[in-house]
Engineer: 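Right, I'll just put the structure down here and ask away after.
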There are 2 protein chains.
Amino acid sequence: MSAKTDKMVTVPKAVINRLPMYHRFLYQLLLEGKEKISSQELSQLMRITSSQLRQDLSYFGEFGQQGYGYRVETLYQAISGILGLEKQYTAVIVGAGNIGRAIVNYPGFSRRGLKITGIFDNNPKNIGSQVGNLTVMDVEHLADFLKKYPVQIGIVSTPVQAAQKVAYILMKSGVRGIWNFAPIMLEKNGDVVVEDIHLGDSLLTLFYRLNEKEGKN
Amino acid sequence: MSAKTDKMVTVPKAVINRLPMYHRFLYQLLLEGKEKISSQELSQLMRITSSQLRQDLSYFGEFGQQGYGYRVETLYQAISGILGLEKQYTAVIVGAGNIGRAIVNYPGFSRRGLKITGIFDNNPKNIGSQVGNLTVMDVEHLADFLKKYPVQIGIVSTPVQAAQKVAYILMKSGVRGIWNFAPIMLEKNGDVVVEDIHLGDSLLTLFYRLNEKEGKN
DNA sequence: TAATATTCGTGATAAAATTCACTTATAGAA
DNA sequence: TTCTATAAGTGAATTTTATCACGAATATTA
Ligand SMILES: NC(=O)c1ccc[n+]([C@@H]2O[C@H](COP(=O)([O-])OP(=O)(O)OC[C@H]3O[C@@H](n4cnc5c(N)ncnc54)[C@H](O)[C@@H]3O)[C@@H](O)[C@H]2O)c1
Ligand SMILES: NC(=O)c1ccc[n+]([C@@H]2O[C@H](COP(=O)([O-])OP(=O)(O)OC[C@H]3O[C@@H](n4cnc5c(N)ncnc54)[C@H](O)[C@@H]3O)[C@@H](O)[C@H]2O)c1
């Protein structure tokens with residue numbers, strides 16, 4: 001074990017945000033059948049510095065071997081473990097619109113251990129319809145459903161106007177995390193973890209960067 | 001004008017990434033009819049410090065008034081201008097699947113000046129079908145289409161296996177920015193701006209944070 | 001087996017980002 | 001009109017993040 005983990009140094013946020021990227025690249029390397037890789041080589045693929053890669057990993061332990069590098073398989077497993085991917089996570093989706101459907105239909109999430117157990121909507125047109133192998137339920141039954149079948153994660157993909165209300169129901173019903181797609185900063189209720197996806201913000205950042213470049217020419 | 005902009009200090013990345021959040025909150029305040037706001041009050045809504053807010057804005061100019069605060073309208077317009085939202089942006093989407101359709105159908109983007117002029121796919125089942133008021137075209141015609149009707153932005157929402165190939169076509173055809181939804185680090189070709197949305201990474205971050213909390217109890 | 005080249009892990013240093021704390025301006029009250 | 005409270009803007013200090021650079025371990029070659 002590394003000195004750093006022994007000393008209980010808190011892991012910087014910036015490091016945590018890079019863990020999924022490491023996981024993604026290692027998964028790719030694994031698919032390609034690559035057995036070993038050095039911090040030098042891996043960091044070049046990721047367009048970061050090798051020292052950043054080594055420093056980041058050092059927060060969690062020692063996974064490589066001097067003079068050799070890292071075994072791709074070992075490092076992949078280690079990072080999977082750090083991220084908690086050996087566990088299964090259960091979730092419900094609220095909002096069976098475009099985003100809600102996209103999530104259900106995306107196979108990548110179940111591969112990573114996410115099991116979606118229910119999808120809810122308030123529109124009679126959607127209620128009862130099939131999304132993947134789930135039947136859309138009435139959001140009126142959300143709290144009851146969660147009482148019977150608790151889940152860890154609530155996915156909010158309703159329009160922004162409904163998002164806070166829905167989030168409160170989820171939090172009251174005991175979800176521990178919310179994955180939020182609505183462009184709103186959700187008020188918390190208890191110690192739930194909220195992870196936001198703000199697609200609009202990402203687009204505006206792209207706009208800014210396009211103009212920035214223009215200005216320099 | 002602020003001293004900082006005069007001196008041509010480069011704007012930190014972290015600041016740029018917060019601009020869309022400012023825009024989002026100010027838009028909300030505008031809808032609510034709020035006329036003025038102090039850095040104190042606005043920063044509390046955003047859960048940042050007031051000095052960070054003031055420091056961030058100072059990279060672009062002086063938008064407030066001492067002893068008074070900021071006019072919501074003025075600041076909103078200023079940030080819209082910084083982000084380049086007065087302009088129209090044209091884009092094509094490649095990959096008429098769940099994400100591609102979600103983007104076309106989302107009204108928030110056209111409100112921000114994004115005009116989607118074409119959507120492409122390689123699956124005969126999708127080609128010719130209607131998405132919003134666009135007809136899905138064959139990706140074989142993508143390069144020709146862009147020669148006739150150039151756009152600034154290419155949106156990549158194909159499966160990861162096709163993403164790089166599609167991105168090269170877009171870049172060759174002169175797009176200046178790529179908004180990428182595939183879980184891959186795209187190789188660039190020229191000085192195109194690539195903005196990634198890695199939904200999977202966000203989910204893994206949520207997983208990590210859920211476990212982190214558990215460990216502390 | 002010995003010599004040499006790799007490459008990790010990490011303490012130290014540098015850079016970037018955030019917060020502090022103070023000056024100045026001005027709004028609003030007396 | 002004067003006084004007081006508010007609040008922006010900003011240089012400086014602090015904190016956080018990233019990079020450097022080197023010692024120690026190991027692989028590989030001669
Ligand atoms: N689609 C995009 O590209 C995009 C981009 C940026 C942000 N978003 C955000 O993601 C969220 C979902 O977007 P979308 O495109 O899937 O929207 P959508 O309109 O396709 O789907 C929203 C669904 O939520 C349902 N709904 C409304 N009120 C509800 C309630 N109270 N309880 C349960 N269900 C309810 C609607 O019936 C609808 O089916 C929105 O908040 C949107 O702002 C989407
Ligand atoms: N849906 C999600 O929740 C989600 C989550 C994480 C990542 N993503 C990523 O977003 C991207 C899009 O996801 P999606 O769910 O919309 O996938 P999807 O399978 O629904 O849609 C992909 C579309 O691309 C088309 N396509 C395939 N090859 C093509 C090519 N060469 N040229 C043009 N079109 C082509 C397919 O026919 C399909 O219509 C994928 O890269 C996926 O990994 C999606």
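The chains referred to below are lettered A, B, ... by the order of the sequence lines, with proteins before strands, and numbering in each begins at 1.
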Engineer: Between the main-chain N or O of A96(A) and the side-chain N or O of D121(A), is there a donor-acceptor pair closer than 3.5 Å?
Structural biologist: yes
Engineer: Roughly how many Å is it from CD in Q55(A) to P in dC22(D), rounded to a whole number?
Structural biologist: 16 Å
Engineer: Separation of K13(B) atom NZ from dA17(C) atom P, in whole Å?
Structural biologist: 7 Å
Engineer: Under 6.0 Å from the NZ atom of K13(B), do we count more than 12 heavy atoms belonging to anything else shown?
Structural biologist: no
Engineer: Would you tell me if any nitrogen or oxygen in the side chain of T49(B) comes within less than 4.0 Å of OP1 or OP2 on dT18(C)?
Structural biologist: no
Engineer: Tell me the interatomic distance from D56(A), atom CG, to dT17(D), atom C1', rounded to whole angstroms.
Structural biologist: 10 Å
Engineer: Find which nucleotide of DNA chain C each of Q52(B) and K36(B) is nearest to by heavy atoms, and output the residue with the more 5' nucleotide.
Structural biologist: Q52(B)
Engineer: Is the centre of the W179(A) ring less than 6.0 Å from the centre of the Y89(A) ring?
Structural biologist: no
Engineer: Hey, does the side chain of R71(B) come within less than 4.0 Å of dA8(D)'s phosphate (OP1/OP2), counting only N and O?
Structural biologist: no
Engineer: Could you tell me the separation between the CG atom of L53(B) and the C1' atom of dA8(D), rounded to a whole number of Å?
Structural biologist: 10 Å
Engineer: Closest-nucleotide mapping onto DNA chain D: is R18(A) or G64(B) further toward the 5' terminus? I mean the 5' end.
Structural biologist: G64(B)
Engineer: Could you state the CD-P distance from Q66(B) to dT24(C), rounded to the nearest angstrom?
Structural biologist: 10 Å
Engineer: Can you find a side chain N or O atom of Q65(A) that sits less than 4.0 Å from OP1 or OP2 on dC8(C)?
Structural biologist: no
Engineer: Is it true that a side-chain atom of T205(A) and a backbone atom of N17(B) form a donor plus acceptor pair closer than 3.5 Å?
Structural biologist: no
Engineer: Rounded to the nearest angstrom, tell me the gap between atom CG in L57(A) and atom P in dG9(C).
Structural biologist: 7 Å
Engineer: To the nearest angstrom, how far is N17(A) atom CG from dT16(D) atom P?
Structural biologist: 16 Å
Engineer: Check whether any side-chain N or O of S39(B) sits under 4.0 Å from OP1 or OP2 of dA7(D), and answer yes or no.
Structural biologist: no
Engineer: OP1, OP2 of dG9(C) versus side-chain N and O of Y70(A): anything below 4.0 Å?
Structural biologist: yes
Engineer: For the pair R112(A) (side chain) and L204(B) (backbone), establish whether a donor and an acceptor sit closer than 3.5 Å, ignoring hydrogens and angles.
Structural biologist: no
Engineer: For S51(B), answer base if it contacts any base atom (sugar-phosphate contacts may also be present), sugar-phosphate if it contacts only those atoms, and nothing otherwise; contact means non-hydrogen atoms under 4.0 Å.
Structural biologist: base
Engineer: Quick one: F60(B) CZ to dT10(D) C1', roughly how many Å, whole number?
Structural biologist: 16 Å
Engineer: With respect to the phosphate group of dC20(D), does any side-chain polar atom (N or O) of R54(A) fall under 4.0 Å of OP1 or OP2?
Structural biologist: no
